[in-house]
Q: 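If you scroll down you'll find the structure; I have some questions about it.
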Amino acid sequence: MPVEKLRMVVLTSLMAALMAVGSYIHVPIGPVPIVLTNLFVILSGLLLGSHWGIASAGLYLLVGAIGMPVFYGGKGGFAHILGPTGGYLFGFVLCAWITGFASERSPRRLTVDVLAVIIGSLIIYGLGVPWLKVITNMSWSKAWLVGMIPFLPGDALKAGVAIVLARAVRPMLYRQMQTVSTLTPTLSHQREREKEQ
Amino acid sequence: MARIALHYFPGDSSLHRWDARCKFFGLLMITATLVQTRISWFIFDSILLAGLFFVSRFPFKQLFHELRFWAIFLSILFLFQSLFTPGTRLHSLPWLPVSKEGLLLGGLTCWRLGLILGYALLFTAVTRPRELRDGLIWLFKPIPFLPGRRIGLMVSLTLRFFSRILDHSEEVRLAHRARMGDRNKNPFRKAKFLAFPILVRSILEVEEVTYALAARGYREDLPIHLSKIPLPHLIPLLFLLGFIAMIGWFQ
């Protein structure tokens with residue numbers, strides 16, 4: 001496996017671990033708590049792009065499904081994914097992909113990052129609130145009131161922090177990627193060499 | 001933070017020798033019982049956990065010393081639940097702003113989380129990351145077009161990074177406090193001075209792990225031979241299933 005790909009595999013695992021750590025920093029205010037997981041979901045999309053971003057969110061779900069205490073408040077297990085907050089968990093996967101996809105178009109522009117983060121955050125609620133409504137038999141108005149409105153100010157703050165962190169970390173990440181690609185032969189280089197031989 | 005919590009702890013106990021796939025299925029069964037809210041399940045899971053910890057010969061003293069972080073976390077959760085859950089006040093202590101229902105709910109939530117945490121600690125302590133990876137490869141083998149080996153590697157790396165990030169965050173927090181950084185109340189500046197060093201340290205570790213894997217010649221196309229689960233290893237799993245079915249039947 002080329003080192004660049006191996007590096008992305010390890011980086012994806014790191015982002016999944018950060019999502020798990022983010023779930024421990026939470027405030028239980030009702031059926032849906034305030035957690036830092038979505039900050040790292042957005043960050044994974046911004047840093048890794050759509051392909052690896054969705055992989056990191058999916059990996060986070062898998063680690064939780066096998067029983068590790070990585071969901072909010074140290075919960076874990078497959079049954080938790082099908083609980084009231086399951087929609088938000090699946091929303092994370094879609095959010096990472098959408099954020100990554102939007103951010104990939106022009107990674108150095110702030111407006112693109114802001115737009116990507118807004119769309120990504122809304123996607124989480126787009127999946128989470130209907131799921132919450134179905135599981136708990138709430139009315140639509142109550143589901144939006146309990147499952148979305150209280151989190152919007154916090155989400156704006158988290159989105160801001162995610163953009164600040166992404167813009168601070170990206171140069172370092174790209175520098176290391178360039179170092180790796182100059183030090184090690186890429187797959188295309190290897191193919192070219194094989195053709196020459 | 002934790003130095004042995006959520007890390008593999010070498011040993012030669014029967015739990016260490018038990019097939020990782022059986023341990024994995026056992027963990028799944030236990031987490032399924034923890035979804036229930038009946039006290040009898042909690043008591044069964046607690047007795048079983050205490051017994052398994054005893055069998056694993058885990059160093060309790062060191063573990064309890066390192067579990068301060070989790071204790072603080074559970075205490076905050078308990079406080080939140082008991083203070084903000086509506087219900088009847090305590091008759092003996094009417095001045096206390098907590099409800100009976102809140103205390104019960106907080107206690108049960110913390111008990112459940114403590115059990116989930118305990119089983120996760122035990123599972124990671126007695127299962128080598130390689131065994132976990134192989135177990136996942138075995139599990140994903142029947143599903144076509146799924147890179148089982150890569151997923152297995154990523155899960156074991158995620159668990160490793162999870163405990164390492166907790167270690168890093170404690171070190172960075174202490175360094176930040178030593179520089180009086182905790183006096184700054186601006187959340188963006190705080191995030192930059194706390195989260196940024198943790199991220200940078202973690203990314204530097206990513207480099208180390210990547211080169212270590214590359215140096216060991218990590219490849220996904222090599223055939224992997226996973227042995228069948230030995231029959232004696234299935235017996236404890238069947239016992240566990242029997243116990244769970246029995247408790248479920250009597251309720």
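Residue numbers begin at 1 in each chain, while the letters A, B, ... track the order of the sequences.
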Q: Among all residues two or more places apart in sequence or in another chain, which pass the salt bridge (charged side-chain N to carboxylate O under 4.0 Å, His left out) test with B:Arg150?
A: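 With sequence neighbours excluded, B:Arg150 shows a salt bridge (charged side-chain N to carboxylate O under 4.0 Å, His left out) to B:Glu220, given in chain and number order.
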Q: Which residues pass the salt bridge (charged side-chain N to carboxylate O under 4.0 Å, His left out) test with B:Arg201, sequence neighbours left out?
A: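 If we apply the salt bridge (charged side-chain N to carboxylate O under 4.0 Å, His left out) test to B:Arg201, skipping adjacent residues, the hits are B:Glu171.
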Q: Would A:Met68 and B:Thr124 satisfy side chain to side chain contact (heavy atoms under 4.5 Å, CB included), going step by step from the backbone distance to the final call?
A: CA-CA 9 Å; A:Met68 290 294 133; B:Thr124 47; 4.2 Å; yes
Q: Are any non-hydrogen side-chain atoms of B:Leu204 and A:Met172 less than 4.5 angstrom apart?
A: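 Answer yes - side chains close enough.
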Q: So if I apply the side-chain contact (heavy atoms from CB on, under 4.5 Å) rule between A:Leu11 and each of B:Leu157, B:Val209, B:Thr210, B:Val206, which one comes out positive?
A: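 Exactly one option meets the side-chain contact (heavy atoms from CB on, under 4.5 Å) with A:Leu11, and it is B:Val206.
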Q: Is it the side chain or the backbone of B:Phe24 that comes within 4.5 Å of chain A heavy atoms, both, or neither?
A: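 The answer is the side chain of B:Phe24.
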Q: Who are the side-chain hydrogen bond (donor to acceptor under 3.5 Å, both in side chains) partners of A:Trp97, not counting sequence neighbours?
A: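 Scan of A:Trp97 (side-chain hydrogen bond (donor to acceptor under 3.5 Å, both in side chains), adjacent residues dropped) gives none.
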Q: Give the member of A:Val9, A:Ile66, A:Val63, A:Leu62 that has the highest number of heavy-atom pairs under 4.5 Å with chain B.
A: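 Heavy-atom pair counts peak at A:Ile66.
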Q: Could you grab the distance from atom CG of A:Leu6 to atom CG of B:Leu153, nearest 0.5 Å is fine?
A: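 CG of B:Leu153 is found 7.5 Å from CG of A:Leu6.
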Q: Give, as side chain, backbone, both or neither, the part of B:Thr31 having an atom under 4.5 angstrom from any heavy atom of chain A.
A: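 For B:Thr31, side-chain heavy atoms alone lie under 4.5 Å from chain A.
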Q: Which residues in residues 48-58 of chain A have a heavy atom less than 4.5 Å from any heavy atom of chain B?
A: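 Within residues 48-58 of chain A, the residues under 4.5 Å from chain B are A:Trp52.
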Q: Could you pull out the closest heavy-atom pair between B:Ser202 and A:Leu14, with the gap in Å?
A: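 Nearest heavy atoms, B:Ser202 then A:Leu14: CB-CD1, 3.4 Å.
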Q: Is it the backbone or the side chain of A:Val10 that comes under 4.5 Å from a heavy atom of chain B, or both, or neither?
A: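 For A:Val10, heavy atoms of backbone and side chain both lie under 4.5 Å from chain B.
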Q: Report which part of B:Leu27 has an atom under 4.5 Å of a heavy atom belonging to chain A: side chain, backbone, both, or neither.
A: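 Just its side chain gets close to chain A.
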Q: Side chain from CB out, backbone as N, CA, C, O: work out which of these in B:Ala32 comes under 4.5 Å of a heavy atom of chain A, or both, or neither.
A: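 Neither part; nothing is under 4.5 Å.
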Q: If you look at every heavy atom in B:Phe162 and A:Val21, which pair is closest and at what distance?
A: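 Closest heavy-atom pair between B:Phe162 and A:Val21: CD1-CG2, 3.6 Å.
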Q: Hey, what do you get for CD1 (B:Ile165) to CZ (A:Phe40), rounding to the nearest 0.5 Å?
A: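 Taking CD1 in B:Ile165 and CZ in A:Phe40, the distance rounds to 8.0 Å.
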Q: Do A:Val3 and B:Tyr211 touch side chain to side chain, with heavy atoms closer than 4.5 Å?
A: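 In contact.
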Q: Side chain, backbone, both or neither: which part of B:Phe123 has a heavy atom under 4.5 Å from chain A?
A: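 For B:Phe123, the side chain is the part near chain A, not the backbone.
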Q: Could you tell me the separation between the CG atom of A:Leu43 and the CG atom of B:Leu199, rounded to the nearest 0.5 Å?
A: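 Spacing of CG (A:Leu43) from CG (B:Leu199) equals 6.0 Å.
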